[in-house]
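Every number for a ligand or one of its atoms is a count from 1 in the order of the listing.
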Amino acid sequence: MKFFIDTANLSQIREAQELGVLDGVTTNPSLMAKEGITGKKNILNHYSKICDIVDGDVSAEVISTDFEGIVREGEELAQLHPQIVVKVPMITEGIKAIKYFSSKTIKTNCTLIFSVGQALIAAKAGATYISPFIGRLDDVSTDGLNLISEIVTIFDNYGFSTQILAASVRHTMHIIDCAKIGADVMTGPLSSIKGLVKHPLTDIGLKKFLEDHKKSNQ
Ligand code: G3P
């Protein structure tokens with residue numbers, strides 16, 4: 001299972017990279033705005049900085065919603081760095097653009113997936129990744145993990161190579177549940193990744209080991 005971090009915050013990306021378990025980064029326009037990154041030049045520069053920190057794929061989202069605009073933006077993003085994955089919204093024009101990018105071997109991440117039908121058509125178009133938003137489905141009383149499970153079944157039935165990128169992961173249990181189901185990738189906040197390390201019995205056990213060592217070595 002690949003671990004991506006879902007942020008545009010450079011210090012958090014660095015911290016996850018230093019942990020040694022980071023496989024990539026996902027961003028979106030909201031996350032870029034949260035870091036105060038505005039204007040085309042600054043946005044492109046920020047993506048380059050992220051690519052310099054991590055070794056894996058970095059999703060950079062287009063803001064156009066028409067085919068020509070998505071292609072123009074996507075090609076510019078893809079030229080920026082070989083690690084860039086063009087993040088395209090799940091809309092009709094986006095599907096056409098994903099098919100185009102696929103023919104040009106430009107990697108894509110189809111975002112804002114909320115149904116199995118959307119996942120299926122994005123895979124048919126040749127998306128490298130599809131991003132079902134599990135947290136946002138949970139927010140509206142719909143089982144986000146069930147969507148991941150259904151997509152896994154469908155992709156396995158036909159051997160689609162499109163990777164299932166569980167997005168809108170909010171906490172550590174989402175990661176564990178996605179791993180049980182067989183999502184290829186998860187993207188979540190740094191806190192959700194760091195949560196995997198924690199267990200109170202580990203802390204209690206380590207404290208006792210260190211105390212016993214200290215007593216017997218005085
Ligand atoms: O990057 C897309 C997705 O992961 C957003 O997550 O928490 O805003 O629903 P969230």
Side-chain angles (χ1 to χ4, degrees), residues 1-13 15-17 21-38 43 46-47 49-51 53-54 56-65 70 73-74 77 83-91 94 97-98 107-116 118-119 122-123 127-149 151-152 162-179 181 183-196:
M1 187 191 205
K2 289 184 199 165
F3 281 13
F4 287 2
I5 188 168
D6 196 29
T7 185
N9 183 285
L10 297 182
S11 65
Q12 287 186 20
I13 293 169
E15 189 177 338
Q17 175 67 22
V21 297
L22 192 66
D23 299 299
V25 177
T26 52
T27 62
N28 62 41
S30 303
L31 293 171
M32 294 293 275
K34 192 174 164 193
E35 299 307 314
I37 315 297
T38 55
I43 288 172
H46 199 75
Y47 288 139
K49 284 183 191 168
I50 294 174
C51 290
I53 297 170
V54 299
D57 284 348
V58 174
S59 286
E61 189 160 340
V62 298
I63 47 160
S64 297
T65 53
I70 295 171
E73 261 191 80
L77 287 166
Q83 285 167 240
I84 291 285
V85 175
V86 181
K87 204 171 180 188
V88 179
M90 166 38 72
I91 52 175
I98 287 168
K107 288 181 282 184
T108 53
N109 174 0
C110 187
T111 189
L112 292 165
I113 299 267
F114 293 95
S115 76
V116 283
Q118 291 178 326
T128 314
Y129 299 98
I130 51 120
S131 289
F133 278 31
I134 62 174
R136 291 193 195 184
L137 280 169
D138 290 352
D139 287 344
V140 293
S141 312
T142 304
D143 188 351
L145 290 166
N146 184 54
L147 174 60
I148 300 291
S149 180
I151 298 170
V152 167
T162 299
Q163 295 178 58
I164 302 167
L165 195 173
S168 187
V169 159
R170 300 277 174 76
H171 49 73
T172 306
M173 273 314 292
H174 268 156
I175 302 178
I176 293 165
D177 287 331
C178 283
I181 294 166
D184 301 290
V185 192
M186 80 80 204
T187 189
L190 182 60
S191 59
S192 67
I193 298 172
K194 286 167 79 175
L196 291 165

As an exercise, state the distance from [atom1] of [X] to [atom2] of [Y], rounded to the nearest 0.5 Å.
X	Y	atom1	atom2	value
I176	M1	CD1	CE	9.5 Å
I193	I175	CD1	CD1	5.5 Å
L165	I148	CG	CD1	9.0 Å
S149	D143	OG	CG	9.0 Å

Are side-chain N/O atoms of E35 and N9 paired as donor and acceptor at under 3.5 Å?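 N9 and E35 do have a side-chain donor-acceptor pair below 3.5 Å.
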
Counterpart residues, salt bridge (charged side-chain N to carboxylate O under 4.0 Å, His left out), relative to D184 (two or more places apart): none

When you check ligand 1 against the protein, what N or O pairs turn up below 3.5 Å? List the atom names and distances, or just say none.
unit_1	atom_1	unit_2	atom_2	d
ligand 1	1 (O)	D6	OD1	3.0
ligand 1	1 (O)	D6	OD2	3.4
ligand 1	1 (O)	N28	ND2	3.1
ligand 1	1 (O)	K87	NZ	3.3
ligand 1	4 (O)	D6	OD2	2.5
ligand 1	4 (O)	S168	N	2.8
ligand 1	7 (O)	R170	NE	2.9
ligand 1	8 (O)	R136	NH2	2.8
ligand 1	9 (O)	R136	NE	2.6
ligand 1	9 (O)	S168	OG	2.7
ligand 1	9 (O)	R170	NH2	2.9

